[in-house]
> 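Okay, handing you the structure first.
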Number of protein chains: 2
Amino acid sequence: MARIAGSSGPKTEEAIRRAGLQLLYTHGYAAMSLRQLAGAVGIQQGSLYNYFRNKQEFLFELIRSHMRDLHAALDAALLPEGNGVARLTRFVEFHVAYHIERPQEVFICYSELRSLEPENFSAIVAMRRDYEDKLIEILEFGRATGEFRLADTRMAAYAILAMLSGICTWYRPGGRLSKDEVRETFLGMVLSLVSGVGMEESLPEPPRLAEVSRSGARRR
Amino acid sequence: MARIAGSSGPKTEEAIRRAGLQLLYTHGYAAMSLRQLAGAVGIQQGSLYNYFRNKQEFLFELIRSHMRDLHAALDAALLPEGNGVARLTRFVEFHVAYHIERPQEVFICYSELRSLEPENFSAIVAMRRDYEDKLIEILEFGRATGEFRLADTRMAAYAILAMLSGICTWYRPGGRLSKDEVRETFLGMVLSLVSGVGMEESLPEPPRLAEVSRSGARRR
DNA sequence: GTCTATACGGCGATAGAC
DNA sequence: GTCTATCGCCGTATAGAC
């Protein structure tokens, strides 16, 4: 933890990022002091201001860079090919893997939205909305092909995201379950959920296939 | 908001509780100051200490009393009768209704666990565990009767709880969806999830019925 | 039970030497 | 880029009068 005075630069930046992640995860934004952060990095508190203008900017940049990573990774994982099950499978496998790999960032992105000032808040919520929309698009595609039976696409998307994102609140590496088991089990539950078995009575008429053949197009 | 000096008692206690709920919900424990709380109630900050010994105790009592309410309400709603679907339906309808009725308390109970000191934390987590166990018991019952097909009961319970509890992060009274629609839609999704359609390959053998006929018994 | 006043410490942020 | 020093503010909690 200690540190040679006069040492330097981009290593410090990365160290601040990592320590900040840890502190935000365990204590939260409001309860994390910059003195703590500096202490964890091994520098003096005033030196932090070489890396950000204020505490709020630090949080915002951390969240925003994570959201960018998330989007880039999702775009790489998704392909607008195959049937609804194939597309949903890719989404779920990506989402679960990402949440297992980076639980801290993910958790912070959900829990610290409230700590963002209004402008920053809006920016992040818009990014999150884009992410949700990608899932909704897949669900509507699968609904149009008749693979999925869903009473309400948006609620289904919220349900799926909540259930998958919940993983990072209890999954612990080295615990009872391997990553693969978690991923496969949750994939199975999601596919089962969208199959709509046991709720046929209350479903609205599925849309005609012709109406949604432009389903590769941007929605929004 | 203003208030006549010298006025009194149990009305203040209730006012503090309500204002505290609101502030904890919107700002979080660490970011909520007792000055804010007193201001919202319309008393001076020092007067708060007639109602609790310190800020931590205030949070703990708020959470604990809510958890007690939750348990009592669940016990009233559940009956150890009927098949797995009937039991699960009662659980889900109760859980959704409760989360829609009291989203603030529910949200706080999830998000502010981290703000509890170790002893208090343990007490609340134990209560939450009891709640989870009641769902797990229902899932195991339905699995034993052959109604439910689940690769892993505990993961299914976590998935269901996360997806239902997520409701209180987006549901707004007066929005697009009525309480009844939300309740019925989520019930449908849960029942569909536990039906296990689309994941038959990877399932373990279901337990024999005889082995679990003591399923009304306490587990733990 | 409420008020006023205050103790005491930690907070974010800045200034200036090296 | 880092350090030391410091400013002004706000936090929780307490004491004592009414």
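By convention in this document, chain letters (A, B, ...) are assigned in the order of the sequence lines, proteins followed by strands, and residues within each chain are numbered from 1.
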> Rounding to an integer number of Å, can you tell me how far Ile43(A) CD1 sits from dC3(D) P?
6 Å

> Is the phosphate of dG1(D), meaning OP1 or OP2, less than 4.0 Å from a side-chain N or O of Thr12(A)?
no

> Any side-chain heavy atom of Arg17(A) sitting closer than 4.5 Å to one from Ser65(A)?
yes

> If you check every side-chain atom of Ser33(A), which of dG1(C), dG12(C), dT4(C) has the closest atom?
dG12(C)

> Using 0.5 Å steps for rounding, measure from the CG atom of Leu23(A) to the OH atom of Tyr29(A).
13.5 Å

> Specify the separation, in whole Å, of atom CZ of Phe58(B) and atom P of dA13(D).
12 Å

> Quick one: what's the B/S/- string for nucleotides 13-18 of chain C, heavy-atom cutoff under 4.0 Å, read 5' to 3'?
BB----

> For the pair made of CG in Asn50(B) and C1' in dT4(C), what is the distance, rounded to whole Å?
14 Å

> Do the side-chain N and O atoms of Arg143(A) and Thr153(A) include a donor-acceptor pair separated by under 3.5 angstrom?
yes

> Any side-chain donor-acceptor pair under 3.5 Å between Tyr158(A) and Arg154(A)?
yes

> When you check the side-chain N and O atoms of Arg183(A) and Ser178(A), is any donor under 3.5 Å from an acceptor?
no

> Where along residues 23-30 of chain B does a heavy atom come under 4.0 Å from DNA chain D, residue by residue in number order?
none

> How long is the line joining CD of Gln44(A) and P of dC3(D), in whole Å?
5 Å

> Which class fits the ring pair Phe91(A) and Tyr131(A): parallel under 30°, tilted 30 to 60°, perpendicular over 60°?
tilted

> If you measure from CD1 on Ile108(A) to CD on Gln104(A), what distance do you get to the nearest 0.5 Å?
6.5 Å

> Could you tell me which residues satisfy ring pair (Phe, Tyr, Trp, His ring centres under 6.0 Å) with Tyr98(A), sequence neighbours excluded, listed by chain and number?
His66(A), Phe94(A)

> Return the value, rounded to whole Å, for the distance between atom CD of Gln36(B) and atom P of dC10(D).
12 Å

